[in-house]
*Asks:* 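Okay, here's the structure, questions in a sec.
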Amino acid sequence: MKNNDQLWRLGGSDLGLLVHRDFKGLVDKTIIIRISSFLRKFKNINIIDYTEPDPLTVVRMAKIPYDNLGLVMLAMLAIPRGFVASYSDLAELLNMTPRLIGLFASKNPMPVLIPCHRVINKDGAIGGYSAWHRDGRGIKALLLSMEDVKVNGMKVSKDHFVDPNELKDNFYRIYNYYHSLISEYHSSEQSE
DNA sequence: GTACCGCTTTTAT
DNA sequence: ATAAAAGCGGTAC
């Protein structure tokens, strides 16, 4: 916990998101914590109620790497709140394999802000979640139910899956915006 | 270079 | 229901 970190409360629950920013003010890391136990250690912390920013805002405020992990993160941002996509949906979109998507998901440096909890198994099973020390699947299910995705017996019904074409459209919109920011950055660097 | 890993999926018992 | 192989970019050696 650094002095410039923020704590966001998720959906009025006891779950919080610790948000770390780099020297430029870009978010580069988030950690999920339990607020009640966290406050026992750290006093006088300002808690902000979290409302989800739209994907383009996240692209602007977060540090998304220019590599395959970054692509997977952008694809996750393309899944709207209240929906899920399967590992194989993302794999098809990005020409990867489902297991590779899972591997990158496990490397997601900013859980919740980059909604890797919305990626689940093709058969509706909730899939893994490592952004929590244990019972990661429980936290994943909780995050999903907070955004009105019904989880019954660790399974999500088919009607919560985002339409692949919509996923694709969202992804390209987000990717183009991301790319325009990158080019902007490079051109401003050259002109200095 | 090689070997192993992981938030899966598919196929075969 | 459970087991195993395929799959592939990263990472570590």
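Throughout, protein chains are lettered first and strands after them, A, B, ... in sequence-line order, and every chain is numbered starting at 1.
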*Asks:* Whole angstrom is fine here: how far is it from CG in A/D123 over to P in B/dT10?
*Replies:*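 So the two atoms are 9 Å apart, to the nearest Å.
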
*Asks:* Please determine, for the side chain of A/L103, which listed nucleotide (B/dC7, B/dT9, B/dG6) has the closest atom?
*Replies:*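 When the side chain of A/L103 is considered, B/dG6 is the closest of B/dC7, B/dT9, B/dG6.
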
*Asks:* Regarding A/R118 and A/E52, does a basic nitrogen lie under 4.0 Å from an acidic carboxylate oxygen?
*Replies:*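 Yes, A/R118 and A/E52 are salt-bridged.
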
*Asks:* Got a salt bridge between A/D22 and A/K63, using NZ or NE/NH1/NH2 to carboxylate O under 4.0 Å?
*Replies:*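 Counted as a salt bridge, because a side-chain N and a carboxylate O are separated by less than 4.0 Å.
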
*Asks:* Write down the distance between CD1 (A/I79) and P (B/dC7), rounded to a whole number of angstrom.
*Replies:*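 Between P of B/dC7 and CD1 of A/I79: 17 Å.
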
*Asks:* Does B/dC7 have a Watson-Crick or wobble partner in any strand here, with both distances under 3.5 angstrom, and which is it?
*Replies:*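 No nucleotide pairs with B/dC7.
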
*Asks:* Measure the distance from NZ on A/K107 to C1' on C/dG9 and round it to the nearest whole Å.
*Replies:*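 Answer to the nearest Å: 9 Å.
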
*Asks:* Would you say A/S88 reaches B/dT9's phosphate, i.e. side-chain N/O to OP1/OP2 under 4.0 Å?
*Replies:*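 True: A/S88 side-chain N/O within range (under 4.0 Å) of B/dT9 OP1/OP2.
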
*Asks:* From the list B/dC7, C/dG9, C/dC8, which nucleotide is the closest neighbour of the side chain of A/K140?
*Replies:*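 Between B/dC7, C/dG9, C/dC8, the one nearest the side chain of A/K140 would be B/dC7.
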
*Asks:* For A/M96 and C/dA6, what is the distance between atoms CE and C1' respectively, to the nearest whole Å?
*Replies:*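 To the nearest whole Å, that distance equals 18 Å.
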
*Asks:* Can you tell me if the side-chain N/O atoms of A/K122 get under 4.0 Å from OP1 or OP2 in B/dT10?
*Replies:*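 So the side chain of A/K122 is within the cut-off, an N or O lying under 4.0 Å from OP1 or OP2 of B/dT10.
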
*Asks:* Go through the side-chain N and O atoms of A/Q6 and A/H20 and say whether any donor and acceptor fall under 3.5 Å apart.
*Replies:*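 Side-chain D/A pair, A/Q6 to A/H20: absent.
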
*Asks:* Quick check with a 6.0 Å cut-off and a 45 degree axis cone: is A/K168 positioned over the face of A/F171's six-membered ring?
*Replies:*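 Pair A/K168/A/F171 does not count as cation-pi.
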
*Asks:* Please give, in whole Å, the distance from C/dG9 P to A/L90 CG?
*Replies:*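 Taking atom P of C/dG9 as the reference, CG of A/L90 is at 16 Å.
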
*Asks:* OP1 or OP2 of B/dC7 less than 4.0 angstrom from a side-chain nitrogen or oxygen of A/N108, does that happen here?
*Replies:*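 It does not, given that no N or O in the side chain of A/N108 lies less than 4.0 Å from OP1 or OP2 of B/dC7.
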
*Asks:* Any side-chain N or O of A/N121 below 4.0 angstrom from OP1/OP2 of B/dC7?
*Replies:*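 Looking at the OP1 and OP2 atoms of B/dC7, neither is under 4.0 Å from any side-chain N or O of A/N121.
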
*Asks:* Atom CD of A/E92 to atom C1' of B/dT9: distance rounded to whole Å?
*Replies:*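 Interatomic distance, CD of A/E92 to C1' of B/dT9: 13 Å.
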
*Asks:* Give the rounded distance in Å between these two atoms: OH of A/Y129 and P of B/dG6.
*Replies:*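 So the two atoms are 18 Å apart, to the nearest Å.
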
